[in-house]
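For reference, the structure discussed in these notes is given below.
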Amino acid sequence: MIKVLSVFGTRPEAIKMCPLVLELEKHSQIKSLVCLTGQHREMLDQVIDIFGVKPDYDLNIMRPKQTLTTITTSVLEKMEGVLDECKPDLVLVHGDTSTSFVVALAAFYKQIPVGHVEAGLRTYDKYSPFPEEMNRCLTGRIAELHFAPTENNKKNLEMEKITNNIFVTGNTVIDAFKTTVKENYQFHNEELKKINFEGKKCVLVTAHRRENLGVPLENICHAIKKIAQQYIDAIIIYPVHLNPLVRETVFSILDNVDNIKLIDPIDVEDMHNIMSRSFLVMTDSGGLQEEAPSCGVPVLVLRTETERPEAVEAGTVKVVGVKEEDIFYNAQLLFENEDKYNEMTKSTNPYGDGHASERIADKIIGWRKSRERAD
Ligand code: UD1
Ligand code: UDP
């Protein structure tokens, strides 16, 4: 049996790791354990409750307005005890958060192999996204197994002379998406239940990135307000991240506009179902750039770059930057020019077929067998 410890701590990691954890549990050759760092709390618990994943360890590190340093030091210190007690054969981390990098580092200090899920995404700008770009580069250096969502991600790793054990698996977010989106879905969230979407164009907005805090997020909010005022048949749904720095800006600019609904973070089933019924998604999130294309909903990316060029190339996602006039102009184009809108609505799925978790589990078992043969 191979003992696999999956460690994650934020909402997006949980959404993308829970389908994998559920898959690992199906295999008799794998003993699957889960450790939460608790870098997020409410937003993390919301996800594991929906998937029914029960953690074996919880470092519970989240503090209000935490800094990169406090996340790093508390996860590093607390992971040592977990690794000593659990003694995993393999630690799985996901993506690019501080949890991912620090857990990989903690495992490296114990010489425990690391598997990196969602490996090989790059912008090649170490300050954007910050600190995520560096987190994933460093995690990639440490990792022994690299589960790359796309061929393009694999090529990025190869350019860095990482050549062993790269497996193109698709992204597990598509595995999650396939289980959550349903016809005739009834929302759980009380605010969503009250909204009459009849005859409305639903615009789903999320924005939270560290490099957008301050002026860029203010610009984003002013553009959203202008869209709401110009297009009264639009209903803008903005589930606001719990980061107090995000909430202060968003509520100060967008509160009390009739057709803008500022709501608390919604659970992943509500999120995926509202997304699949939306006219447009406007976001700085990574995950939404992967999810919306699979249901044919155009995405305007509220950033200056993306590490996910595949859907941009396919034409369903457009990077519009963080200036008020650029954001407004691009949204206006989609509201007023049907041809431009239709060009962006073709459903495309460069990020996977919903079977990434199965491939990752198979590769882990294969890797274990090849190590046994070598010993
Ligand atoms: C983190 C990740 C980012 C990821 C994002 C997903 C890092 C450095 N950043 O950024 O890559 O895109 O998660 O959302 O790893 N808070 C709560 N409750 C929660 C979650 C957050 O109150 O459930 C508040 C806390 O005050 C916390 C703050 O939000 O201090 C910021 O959380 P943090 O994890 O540091 O940063 P994120 O911006 O969420
Ligand atoms: N999400 C959610 N509820 C929300 C907002 C987002 O379930 O209120 C989901 C979204 O569908 C995606 C993930 O959270 O799967 C993205 O997380 P986030 O934007 O926090 O992080 P990022 O993707 O930018 O790292």
Side-chain angles (χ1 to χ4, degrees), residues 8-19 36-51 60-72 74-75 93-103 118 121 129-136 139 171-177 180-181 188-189 191-192 204-213 217 237-248 261-276 278 281 283-292 294-295 297 299 301-303 306-308 351:
F8 46 93
T10 66
R11 171 175 64 194
E13 290 166 77
I15 292 171
K16 292 165 167 184
M17 286 297 272
C18 283
L36 306 179
T37 64
Q39 177 178 332
H40 283 175
R41 194 66 278 166
E42 303 87 336
M43 287 161 54
L44 173 66
D45 295 343
Q46 234 178 0
V47 182
I48 61 165
D49 287 351
I50 289 275
F51 283 97
N60 200 21
I61 64 127
M62 195 196 84
R63 297 291 172 268
K65 296 192 180 179
Q66 62 204 0
T67 67
L68 297 178
T69 304
T70 59
I71 301 170
T72 303
S74 44
V75 171
V93 297
H94 182 279
D96 57 16
T97 67
S98 291
T99 285
S100 328
F101 161 57
V102 180
V103 171
E118 199 181 86
L121 282 68
F130 176 80
E132 289 81 7
E133 177 71 5
M134 192 47 69
N135 283 343
R136 53 189 166 225
T139 307
N171 196 311
T172 55
V173 78
I174 308 298
D175 304 16
F177 205 72
T180 49
V181 178
H188 305 145
N189 180 282
E191 299 296 316
L192 289 181
L204 178 64
V205 178
T206 76
H208 68 84
R209 304 214 75 80
R210 260 187 173 70
E211 66 274 16
N212 276 347
L213 295 177
L217 186 57
I237 309 289
Y238 186 166
V240 189
H241 192 290
L242 293 181
N243 186 343
L245 301 172
V246 173
R247 296 179 79 83
E248 281 155 23
K261 305 292 172 199
L262 301 180
I263 56 177
D264 282 339
I266 51 180
D267 71 48
V268 61
E269 287 188 331
D270 275 359
M271 186 64 182
H272 286 177
N273 282 283
I274 184 107
M275 191 186 307
S276 63
S278 290
V281 169
T283 187
D284 68 4
S285 150
L288 272 82
Q289 292 177 57
E290 295 155 344
E291 294 160 343
S294 71
C295 48
V297 178
V299 181
V301 179
L302 310 171
R303 292 168 53 174
T306 182
E307 60 288 84
R308 295 167 168 89
Y351 301 110

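Because the structure is a prediction, the values reported are computed rather than measured. Just so you know, ligand 1 is whichever comes first in the structure, and atom 1 is the first atom listed for that ligand.
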Worked check of salt bridge (charged side-chain N to carboxylate O under 4.0 Å, His left out) between R210 and D284: CA-CA 10 Å; R210 260 187 173 70; D284 68 4; over 6 Å; no

Derivation and outcome, side-chain hydrogen bond (donor to acceptor under 3.5 Å, both in side chains), residues Q289 and T283: CA-CA 8 Å; Q289 292 177 57; T283 187; over 6 Å; no

Which is it for V93 and F8 under the side chain to side chain contact (heavy atoms under 4.5 Å, CB included) test, yes or no, and what are the steps along the way? CA-CA 6 Å; V93 297; F8 46 93; over 6 Å; no

Begin from the C-alpha positions of F101 and D96 and carry the test side chain to side chain contact (heavy atoms under 4.5 Å, CB included) through to its verdict. CA-CA 7 Å; F101 161 57; D96 57 16; over 6 Å; no

List the steps, then state whether side chain to side chain contact (heavy atoms under 4.5 Å, CB included) holds for V75 with V103. CA-CA 7 Å; V75 171; V103 171; 3.8 Å; yes

Show, in sequence, the C-alpha distance, side-chain angles and deciding distance for V297 and S276, and conclude whether the side chain to side chain contact (heavy atoms under 4.5 Å, CB included) test is met. CA-CA 7 Å; V297 178; S276 63; 5.7 Å; no

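Screening T37, N135, T72 for a side chain to side chain donor-acceptor pair (under 3.5 Å) with T99, the sole residue that qualifies is T37. Among the candidates M43, H40, H241, E42, the single residue satisfying the side chain to side chain contact (heavy atoms under 4.5 Å, CB included) test with P265 is M43. For the side chain to side chain donor-acceptor pair (under 3.5 Å) with D267, the lone residue among H272, H188, Q46 that qualifies is H188.
Using a 4.0 Å cut-off between heavy atoms, P129 makes no contact with ligand 1 at all. At a 4.0 Å heavy-atom cut-off, ligand 2 does not touch Q46 at all. Contacts with ligand 1 closer than 4.0 Å are made by backbone heavy atoms (N, CA, C, O) of K65 only, the side chain lying farther away. Contacts between I71 and ligand 1, counted as non-hydrogen atom pairs separated by less than 4.0 Å, involve the side chain only. Proximity of R63 to ligand 1, defined as any heavy-atom pair under 4.0 Å, is confined to the backbone N, CA, C and O atoms. With a 4.0 Å cut-off on non-hydrogen atoms, T99 does not touch ligand 1 at all. When heavy-atom distances to ligand 2 are checked against a 4.0 Å cut-off, P239 comes that close only through its side chain, counted from C-beta outward. Contacts between I15 and ligand 2 below 4.0 angstrom, taking non-hydrogen atoms only, involve the side chain exclusively. Under 4.0 angstrom from ligand 1, the non-hydrogen atoms of E132 all belong to its side chain. The side chain of P131, and not its backbone, has at least one atom closer than 4.0 Å to an atom of ligand 1 (non-hydrogen atoms only; side chain from C-beta on).
Residues D45 and R11 are not paired through a salt bridge, judged by the lack of any N-O separation under 4.0 Å between the basic side chain and the carboxylate. In summary, R136 and E307 engage in a salt bridge, as defined by a charged side-chain N under 4.0 Å from a carboxylate O. Under the 4.0 Å criterion applied to side-chain N and carboxylate O atoms, E248 and K65 are assigned as salt-bridge partners. Checked for salt-bridge contact, E290 and K16 meet the test: a charged N lies under 4.0 Å from a carboxylate O.
Checked by atom type and distance alone, the side chain of Q66 pairs as donor or acceptor with a backbone atom of R63 at under 3.5 Å. Side chain of E133 to main chain of P129: no donor-acceptor pair is present (N/O by atom type, distance under 3.5 Å, no hydrogens or angles).
When only interatomic distances are considered, the shortest N/O to N/O separation between N135 and ligand 1 does not fall below 3.5 Å. Distances between N or O atoms of Q39 and those of ligand 1 include at least one value under 3.5 Å. Distances between N or O atoms of R11 and those of ligand 2 include at least one value under 3.5 Å. In terms of polar-atom proximity, defined here as any N/O pair under 3.5 Å, H241 makes no such contact with ligand 2. Ligand 1 has no nitrogen or oxygen under 3.5 angstrom from a nitrogen or oxygen of P64. Of the N or O atoms in E291, one or more lie within a sub-3.5 Å distance of an N or O in ligand 2. The shortest N/O to N/O separation between D264 and ligand 2 does not fall below 3.5 Å.
Interface atoms of ligand 2 facing P265, defined by a heavy-atom separation under 4.0 Å, are 8 (O). Residue-ligand proximity, G287 to ligand 2, at heavy-atom distances under 4.0 Å covers atoms 23 (O). Within ligand 2, counting atoms from 1 as listed, the ones closer than 4.0 Å to a heavy atom of G286 are 22 (P), 23 (O), 24 (O). The atoms of ligand 1 that sit less than 4.0 Å from any heavy atom of M43 are 19 (C), 20 (C), 23 (O). The atoms of ligand 2 that sit less than 4.0 Å from any heavy atom of H208 are 18 (P), 19 (O), 20 (O), 21 (O), 22 (P), 24 (O). Atoms of ligand 2 found under 4.0 Å from any heavy atom of V268, numbered from 1 in the order shown, are 7 (O). Every atom of ligand 1 is numbered from 1 in the order shown, and the set under 4.0 Å from a heavy atom of T97 is 11 (O), 15 (O). The L68 neighbourhood of ligand 1 comprises atoms 8 (C), with distances under 4.0 Å to a heavy atom of that residue.
Nearest protein heavy-atom neighbour of atom 35 (O) of ligand 1: Q66 NE2, 3.0 Å. Scanning the protein for heavy atoms near atom 29 (O) of ligand 1, the closest one is N243 CA, 3.2 Å. Looking only at heavy atoms of the protein, atom 8 (C) of ligand 1 is closest to S98 OG, 3.2 Å. What sits closest to atom 39 (O) of ligand 1 on the protein, heavy atoms only, is H40 NE2, 2.7 Å. When only non-hydrogen protein atoms are considered, atom 36 (O) of ligand 1 lies nearest to R210 NH1, 3.2 Å. Protein heavy atom closest to atom 19 (C) of ligand 1, with residue, atom name and distance, is E42 OE1, 3.3 Å. Of the protein's heavy atoms, H208 CE1, 4.0 Å lies nearest to atom 4 (C) of ligand 1.
No hydrogens or angles considered: a donor-acceptor pair under 3.5 Å links the side chains of T97 and S100. Using modelled atom types, one finds no donor on one side chain facing an acceptor on the other under 3.5 Å when comparing S98 with Q39.
The closest heavy-atom contact to atom 16 (N) of ligand 1, among the options M62, R11, R136, R41, comes from M62. Scanning H40, H272, R209 for the heavy atom closest to atom 24 (O) of ligand 2 points to R209. Closest to atom 8 (O) of ligand 2 by heavy atom, among T10, I266, I50, is I266.
Under the 4.0 angstrom criterion for non-hydrogen atoms, R209 is in contact with ligand 1. Ligand 2 lies nowhere less than 4.0 angstrom from a heavy atom belonging to E290.
A distance of 8.5 Å separates CD1 of I274 from CE of M271, quoted to the nearest 0.5 Å. Here CG of D270 is found 10.5 Å from OG1 of T180. Values are rounded to the nearest 0.5 Å.
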